[in-house]
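In what follows, every chain begins at residue 1, and chains take the letters A, B, ... in the order their sequences are listed.
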Amino acid sequence: MSKNDANTSTENLPEQMQFRRDKLGALRESGENPYLITTCRVTAHAREIVDNFEQFEEQEVTVAGRLMARRGMGKVSFADLSDKTGTIQIFSKQDQLGETSYDAWKGLDVGDLVAVKGQVFKTRTGEISIRNSEWQLHAKALRPLPEKFHGLRDTDMRYRKRYLDLMTNTDVRETFIDRSRIIRCIRKTLDDLGFLEVETPLLNNIPGGAAARPFITHHQALDLHLYLRISPELYLKRLIVGGLERVYEIGRNFRNEGMSTKHNPEFTMMELYQAYTDYHGMMEITEKLVSEACLHVKGTLSITYQGTPLSLEPPFKRITMIEAVKQATGINFASFMGSDEEAKKHTKELELKSRTTLTKWGDILNACFETYVEDKITQPTFVIDYPIEDSPLAKVKPGTDGRLTERFELFIDGREYGNAYTELNDPDDQRRRFEHQRAMREAGDEEAQLPDEDFVEALEYGMPPTGGLGIGIDRLVMLLTDSPSIRDVLLFPTMKPLGF
RNA sequence: GAUCCACUAGCUCAGUCGGUAGAGCACUUGACUUUUAAUCAAGGGGUCCGGGGUUCAAGUCCCCGGUGGAUCACCA
């Protein structure tokens, strides 16, 4: 914004910024430029002092942080200093600091970064405080902070200037601490199970492993179009072929699609692949990952998400897609398994959510599920056995005449949290499925998957029977931090630039 | 992409029927040696998101545009 451009000059500044610049200028002139300071020996943090007062009482500590509030009383004054752990009160007295130092202290502004050395004590009213005996300015806040009581409310500015959100709104800080703890918990759980954490390319020649429109970029030296990955799946399965047996990756996927409270163009996925197991094994590991993450940050498996009580206690409910649709609509797709004609008869009596005309048994079953079941699932539920049409990388479920695959998705409170299947390891079948995807693509389905011949070649060397699972980390964090929007769990969500 | 809502001081928000732009916090000056949304007194601070229109007169009404939010659509 043009406002910002002017602020390095000292003309036309809002007056509060001018006052602060003047104070900084005076410091520089008197040889006390705070920006020359490089280190500080911090000996304690706010939270540990407050939590362990008995140990700290009358001990001398040095704390550092940001001044969040000031209460002057004349020749004594109080200030709240906030560091990464919390806030502690600083008590300053002219008698102790001397007139010069005390006057300089009074000249500080809310937002300034300072270090304070002094003894820990309790004030008359019982507030644990530090008796300021020596202090140092680390950096001047040249701009006033958002209001202390209401904090920063404007959602636009909270996302664009997350540092202000973090310094003002403590619950936001908690959310991102929880996010880190959830991811650490997932890593630990998988590491303990013998999984190897790996990293695979974000720059792909063929964006595979999911149905989504990719971002396109360009490599100058090779004069090559590259795509940001939409999923790491095909790389991770190559590692199973390579004999690593248990691998996982936590990383960013990029999908060039719409944005919403549940979708950001870049988002974090956890994908894992485990040899010698199937989608039942993936259900068990999903239950373990979700419930342990929940226990880790909430201390209980009974939570509420946006007012809805939920129990993340394993085992989660399991229901086949056919059974779920039967219960919701009365239509039993198993009684006309694979018959496109029979299925089409039912589309007339239903109002299905779909942008295209549905002609296949599997597509109609899936549309019934999405229309009548999906958003009505509240408690954690594995919906299992998906039609083959939308599952080109999953193994066929025996006894279903090739119509269903061994796949599940985990739904909680109407949202999808995970997707898993028994991995297709028959290279000839995989090649046929890719061909089918190619045909759909040529027929106009922009999101049909692209054939990856190198991946099929890898399967020709032999991939053991394998289970694979993907969990959307952002959505899991939303669930476990009771956040209504994905933007609340991304430090810097994708935003349109201001101006033009 | 569609619809609705929001945008006013650094921040949080009022602003009536179209008639001179308001409050709290923050800031400046002064008082105050245990406050904690400190208190008291005085003061300064505005591109009312941008552009156009109607009108004697627009923060307010109309049109176009920007950003955000919600819902829908899209999105396994």
Enquirer: Keeping to residues at least two apart or across chains, list the salt bridge (charged side-chain N to carboxylate O under 4.0 Å, His left out) pairs with something in residues 227-236 of chain A.
Expert: A:Arg229-A:Glu249, A:Glu233-A:Lys237
Enquirer: Identify, with sequence neighbours excluded, every residue that meets side-chain hydrogen bond (donor to acceptor under 3.5 Å, both in side chains) alongside A:Arg318.
Expert: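 Partners of A:Arg318 under the side-chain hydrogen bond (donor to acceptor under 3.5 Å, both in side chains) test: A:Glu287.
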Enquirer: Whether the side chain of A:Arg407 and the base of B:A76 hold a donor-acceptor pair under 3.5 Å is what I'd like checked.
Expert: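 Flag set: donor-acceptor pair detected.
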Enquirer: Could you please name the option among B:A73, B:A76, B:G69 that lies closest to any side-chain atom of A:Ser260?
Expert: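 Given the options B:A73, B:A76, B:G69, the side chain of A:Ser260 is closest to B:A73.
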Enquirer: Output all residues satisfying side-chain hydrogen bond (donor to acceptor under 3.5 Å, both in side chains) with A:Asp482, sequence neighbours left out; order by chain, then residue number.
Expert: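 With sequence neighbours excluded, A:Asp482 shows a side-chain hydrogen bond (donor to acceptor under 3.5 Å, both in side chains) to A:Gln306, given in chain and number order.
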Enquirer: What parts of residues 99-108 of chain A reach RNA chain B, counting only heavy atoms under 4.0 Å away?
Expert: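 Those residues: none at all.
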Enquirer: Within residues 67-89 of chain A, which residues have any heavy atom lying less than 4.0 Å from an atom of RNA chain B?
Expert: A:Arg71, A:Gly72, A:Met73, A:Gly74, A:Lys75, A:Val76, A:Phe78, A:Gln89
Enquirer: Looking at A:Lys23, I'd like to know whether one of its side-chain N or O atoms comes within less than 4.0 Å of OP1 or OP2 on B:U28.
Expert: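 Yes, because at least one side-chain N or O of A:Lys23 sits under 4.0 Å from OP1 or OP2 of B:U28.
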Enquirer: Side chain of A:Glu416, base of B:A76: donor and acceptor closer than 3.5 Å?
Expert: no
Enquirer: What pairs of residues pass the salt bridge (charged side-chain N to carboxylate O under 4.0 Å, His left out) test when at least one of them lies in residues 364-387 of chain A, not counting sequence neighbours?
Expert: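 Salt bridge (charged side-chain N to carboxylate O under 4.0 Å, His left out) check on residues 364-387 of chain A returns A:Asp385-A:Lys397.
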Enquirer: How would you list, by chain and number, every residue that makes a ring-ring contact (aromatic ring centres under 6.0 Å, His included) with A:His263, sequence neighbours excluded?
Expert: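 Result, ring-ring contact (aromatic ring centres under 6.0 Å, His included) vs A:His263: none returned.
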Enquirer: Which ring-ring contact (aromatic ring centres under 6.0 Å, His included) pairs, counting each pair once, include a residue from residues 60-79 of chain A, with sequence neighbours left out?
Expert: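 Matches after skipping sequence neighbours: A:Phe78-A:Phe91.
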Enquirer: Under the side-chain hydrogen bond (donor to acceptor under 3.5 Å, both in side chains) test, which residues partner A:Thr170, sequence neighbours left out?
Expert: none
Enquirer: Output the single nucleotide from B:G69, B:U33, B:U67 whose closest atom is nearest the side chain of A:Lys496.
Expert: B:U67
Enquirer: For A:Glu416, give me all partners under salt bridge (charged side-chain N to carboxylate O under 4.0 Å, His left out), at least two apart in sequence or on another chain.
Expert: none
Enquirer: Just the dot-bracket of RNA chain B, please: which string comes out with Watson-Crick or G-U pairs under 3.5 Å, [ ] for crossing, | for another strand?
Expert: (((((((..((((.....[..)))).(((((.......))))).....(((((..]....))))))))))))....
Enquirer: Once salt bridge (charged side-chain N to carboxylate O under 4.0 Å, His left out) is applied, what residue pairs with a partner in residues 77-99 of chain A remain, sequence neighbours excluded?
Expert: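 Found A:Arg71-A:Asp80.
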Enquirer: Which residue, A:Asn132, A:Val114, A:Leu113, forms the side-chain contact (heavy atoms from CB on, under 4.5 Å) with A:Leu81?
Expert: A:Val114
Enquirer: For A:Arg487 and B:G69, is the shortest distance between a side-chain N/O and OP1 or OP2 below 4.0 Å?
Expert: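 Checking A:Arg487 against B:G69: at least one side-chain N or O falls below 4.0 Å of OP1 or OP2.
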